[in-house]
Amino acid sequence: MINQDLNTKAKITWCPGCPNFQILVAFREAITELTSQNKIKIENIVATAGIGCHGKIVEYLNMNTFTSLHGRSIPTMTGIKTANPNLTVIGFSGDGDAYAEGMEHLIHAARRNSDIKLFVHNNQVFALTTGQATPTSPKGFKGKSTPFGSIDEPFDPILLMLSLNASFIARTFALDIPKTKEIMKRATEHKGFAFVDIIQPCITFFDTREYFKERIFWIDDSPANDPEIAMQKIKNNQNKIPCGIFYEISKPTFEAQQ
Ligand code: SF4
């Protein structure tokens, strides 16, 4: 049940059928449930975004929001959290925003264990600028900037987070709203840096819906607290793509140590 109070009057300008709609629904439902269970107060949440199709989401959320510069959703979040540690700071980003322009911020927020939550809309393409390769585009991807196919190997954000010992690491699939909602709730309640990579096919410039539907499977509900066991959960299994919460540990946050 969506809390109507979280809706805004802004006209939604995503392409009809874009999986960003499912992310928006999942997030509204997650926040509605957390607030109705008195686990969080709506006035204590701040949601930020960078630049990209994902960034429009904050226009459609009736809560405290901030739209930052390209790749700067994460430093905006750490600044807000440092200034007022009582706030729950949740950021949205895209694969171009977080893994290209904002990569350095991502690495340092994860290794510091800043108490912020990051949801990355990973569609493997710069969609707002109509189809250029990003760091997660597969090798051979043909787009406006790589008409003969990308020659770069894609990088794996989940493995990067594990190498940094990020304290909460998950992946979800935008088309599965219930699973995405649950992972968003768990991430929001996590104390420390929570990282969620959301596979979000761009139906206009890189339609991977069928590709992922055929390959995604869900791991069990108990995240590992040992990096080697987490690695086993993450490992690609016969060309399948695991989703779920891979790793969760408790350790001092950046803000608590200041
Ligand atoms: Fe969604 Fe792609 Fe359209 Fe952007 S361009 S709104 S990511 S379908």
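One-based numbering, in listed order, for ligands and for the atoms of each.
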What donor-acceptor contacts under 3.5 angstrom involve side-chain atoms of residues 136-144, with partners at least two apart or in another chain?
unit_1: T136; atom_1: OG1; unit_2: D95; atom_2: OD2; d: 3.3
unit_1: T136; atom_1: OG1; unit_2: N122; atom_2: OD1; d: 3.0
unit_1: T136; atom_1: OG1; unit_2: T134; atom_2: OG1; d: 3.3
unit_1: S137; atom_1: OG; unit_2: Q124; atom_2: O; d: 2.6
unit_1: S137; atom_1: OG; unit_2: T134; atom_2: N; d: 2.8
unit_1: S137; atom_1: OG; unit_2: T134; atom_2: O; d: 3.3
unit_1: K144; atom_1: NZ; unit_2: T130; atom_2: O; d: 2.8
unit_1: K144; atom_1: NZ; unit_2: T130; atom_2: OG1; d: 3.0

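A ring pair (Phe, Tyr, Trp, His ring centres under 6.0 Å) check over residues 142-199, counting only residues at least two apart or in different chains, returns the pairs Y99-F155, F168-H190.
Residues L34 and T188 are in side-chain contact: their nearest non-hydrogen atoms beyond the backbone lie under 4.5 Å apart.
Ion pairing of K81 with D115 is present here, as a side-chain N (NZ or NE/NH1/NH2) and a carboxylate O approach within less than 4.0 Å.
Inspection of the environment of atom 2 (Fe) of ligand 1 yields the following protein N, O or S atoms under 2.8 Å: C202 SG.
For the pair Q200 and ligand 1, a heavy-atom separation below 4.0 Å is found.
For the ring-ring contact (aromatic ring centres under 6.0 Å, His included) test, residues two or more places apart in sequence or in another chain that qualify with F21 are W14.
Considering every non-hydrogen atom in both V125 and Q132, the closest pair reads CG2-O, 3.4 Å.
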